[in-house]
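Structure first, then comments.
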Amino acid sequence: MAYLRTILNDGHPTLRKVAKRVGRAEIGDPLFQQLIDDMFATMYDAPGIGLAAPQIDVGKRLFVVDLQDDQHGPYVVINPKFTSREGEIESTEGCLSVPGYIGDLVRSERVVCTGLDRHGRRLTLEGTGLFARCLQHEMDHLDGVLYVDKAKNVRLAAGAEEEDETGEAPETEAAVS
């Protein structure tokens, strides 16, 4: 059974630390597999399309992504690294750890990301568009970087001033993780 974890907000020190590499032996541990299940449950509940372990106060090099379309997820990426980056594109992003805000930033237009899947097998993901932005956004979290560190024109998301009684702003297309 998956459990919802608390998503940290900007200002929490874990979000600014470089996450530690996951050892191969750790991947098969039932507690690590539970962490992955919890991350997906937390991401879907938020709702978001990506979530990095540091966002739930776990300093490990791990993120989950699911664009909830036919081609992009769900993916678990452990110890990711980029092997290729091409082009540049400016877009608008948001983040579950910076609720209610969006900003404009430049990212690579196409990326190739390698890592391990939840079973410890080598994984290679190639992305463009929203998928490429999401992979880069989650990788930044593993390096202690938030999108607001790179963004310009950080502003309230449309409708954020009309938060509901739970304190959550309405969904935006820009929400990444």
Side-chain angles (χ1 to χ4, degrees), residues 2-22 26 31-32 34-68 73-82 89-108 111 113 115 130-177:
Y3 298 92
L4 296 180
R5 305 275 189 115
T6 300
I7 297 173
L8 303 179
N9 286 333
D10 190 10
H12 193 286
T14 300
L15 292 172
R16 296 306 184 161
K17 293 180 183 169
V18 175
K20 294 185 168 126
R21 192 167 174 75
V22 176
E26 187 178 359
L31 289 176
F32 188 80
Q34 180 68 52
L35 170 63
I36 292 169
D37 293 341
D38 293 354
M39 288 178 67
F40 274 114
T42 303
M43 177 186 71
Y44 293 136
D45 183 69
I49 59 172
L51 185 71
Q55 290 182 274
I56 58 166
D57 207 11
V58 177
K60 296 182 186 287
R61 295 195 74 78
L62 158 72
F63 63 76
V64 297
V65 173
D66 188 356
L67 270 53
Q68 300 178 46
Y75 294 114
V76 173
V77 188
I78 302 165
N79 299 331
K81 64 181 178 182
F82 289 118
I89 189 165
E90 185 171 319
S91 60
T92 303
E93 287 183 23
C95 180
L96 297 175
S97 292
V98 188
Y101 288 87
I102 57 173
D104 304 319
L105 68 157
V106 175
R107 296 254 189 219
S108 297
V111 297
C113 178
L130 179 59
F131 189 51
R133 291 194 330 258
C134 188
L135 293 172
Q136 292 169 82
H137 182 107
E138 299 312 323
M139 184 76 84
D140 279 351
H141 277 300
L142 302 183
D143 293 330
V145 176
L146 296 178
Y147 87 95
V148 293
D149 300 334
K150 298 178 173 185
K152 61 184 179 183
N153 192 24
V154 176
R155 60 202 180 273
L156 280 174
E161 62 280 356
E162 301 168 8
E163 292 179 345
D164 64 23
E165 62 275 359
T166 66
E168 294 184 21
E171 286 182 59
T172 79
E173 285 279 327
V176 173
S177 77

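It should be emphasised that the depicted structure is a prediction, and the values quoted were computed from it without experimental measurement.
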Item to check | Qualifying salt bridge (Lys or Arg N to Asp or Glu O under 4.0 Å) pairs with a residue from residues 6-16, counting only residues at least two apart or across chains | outcome: Asp10-Arg16, Arg16-Asp149
Checklist entry - Which residues satisfy the side-chain hydrogen bond (donor to acceptor under 3.5 Å, both in side chains) test with Arg5, sequence neighbours excluded? => result Asp38
Checklist outcome for this item: Contacts of Lys20 meeting salt bridge (charged side-chain N to carboxylate O under 4.0 Å, His left out) (sequence neighbours excluded), chain-then-number -> none
Which pairs of donor and acceptor atoms, one on a side chain in residues 73-81, lie under 3.5 Å apart (sequence neighbours left out)?
from, atom 1, to, atom 2, distance (Å)
Tyr75, OH, Gln71, O, 3.4
Asn79, OD1, Val22, N, 2.8
Asn79, ND2, Val22, O, 2.8

Item to check | Partner set under side chain to side chain contact (heavy atoms under 4.5 Å, CB included) for Leu4, not counting sequence neighbours | outcome: Ala41, Thr42, Asp45
Checklist entry - Closest approach of Cys113 and Leu135, non-hydrogen atoms and distance? => result CB-CD1, 4.3 Å
Checklist entry - Side-chain contact, heavy-atom cut-off 4.5 Å: Val154 with Val98? => result no
Checklist entry - Side chains of Gln55 and Met43: closer than 4.5 Å at any heavy-atom pair? => result no
Checklist entry - Any donor-acceptor pair under 3.5 Å linking the side chain of Glu138 with the backbone of Ala52? => result yes
Item to check | Minimum heavy-atom distance between His137 and Arg107, given as atom pair plus value | outcome: CA-NH2, 3.5 Å
Checklist outcome for this item: Contacts of Lys17 meeting side chain to side chain contact (heavy atoms under 4.5 Å, CB included) (sequence neighbours excluded), chain-then-number -> none
Item to check | With sequence neighbours excluded, residues passing salt bridge (charged side-chain N to carboxylate O under 4.0 Å, His left out) with Arg155 | outcome: Asp104
Next on the checklist: Apply side-chain contact (heavy atoms from CB on, under 4.5 Å) to residues Met139 and Phe82 and explain how you reach the verdict.
Outcome noted: CA-CA 9 Å; Met139 184 76 84; Phe82 289 118; 3.7 Å; yes
Checklist entry - Can you say whether the rings of Tyr44 and Phe40 are parallel (under 30°), tilted (30 to 60°) or perpendicular (over 60°)? => result parallel
Checklist outcome for this item: Residues Pro54 and Ala19: closest non-hydrogen pair is CG-CB, 4.1 Å
Next on the checklist: Contact between Val111 and Phe131 at the side-chain level, heavy atoms closer than 4.5 Å - yes or no?
Outcome noted: no
Item to check | His141 vs Leu146 side-chain heavy atoms within contact, under 4.5 Å | outcome: yes
Next on the checklist: If the condition is salt bridge (charged side-chain N to carboxylate O under 4.0 Å, His left out), which residues does Asp57 pass it with, not counting sequence neighbours?
Outcome noted: none
Item to check | Contact check, side chains of Glu93 and Cys95, non-hydrogen atoms, under 4.5 Å | outcome: no
Item to check | For Phe32 against Lys60, the heavy-atom pair lying closest together | outcome: CE1-CD, 4.1 Å
Item to check | Check against side-chain contact (heavy atoms from CB on, under 4.5 Å), Tyr147 and Asp140 | outcome: CA-CA 8 Å; Tyr147 87 95; Asp140 279 351; 6.0 Å; no
Checklist entry - Which pair of heavy atoms, one from Leu96 and one from Gly48, lies closest together, and at what distance? => result CD1-CA, 4.2 Å
Next on the checklist: Donor-acceptor pair, distance only, cut-off 3.5 Å: does the side chain of Arg61 make one with the backbone of Leu142?
Outcome noted: yes
Next on the checklist: Using side-chain contact (heavy atoms from CB on, under 4.5 Å), reason through Leu51 and Phe63 one step at a time and then give a plain yes or no.
Outcome noted: CA-CA 6 Å; Leu51 185 71; Phe63 63 76; over 6 Å; no
Checklist entry - Hey, mind stepping through Asn153 and Thr92 against side-chain contact (heavy atoms from CB on, under 4.5 Å) and telling me if it holds? => result CA-CA 10 Å; Asn153 192 24; Thr92 303; over 6 Å; no
Next on the checklist: Checking the side chain of Ser97 only, and the main-chain atoms of Leu8 only, is there a donor and an acceptor separated by less than 3.5 Å?
Outcome noted: yes
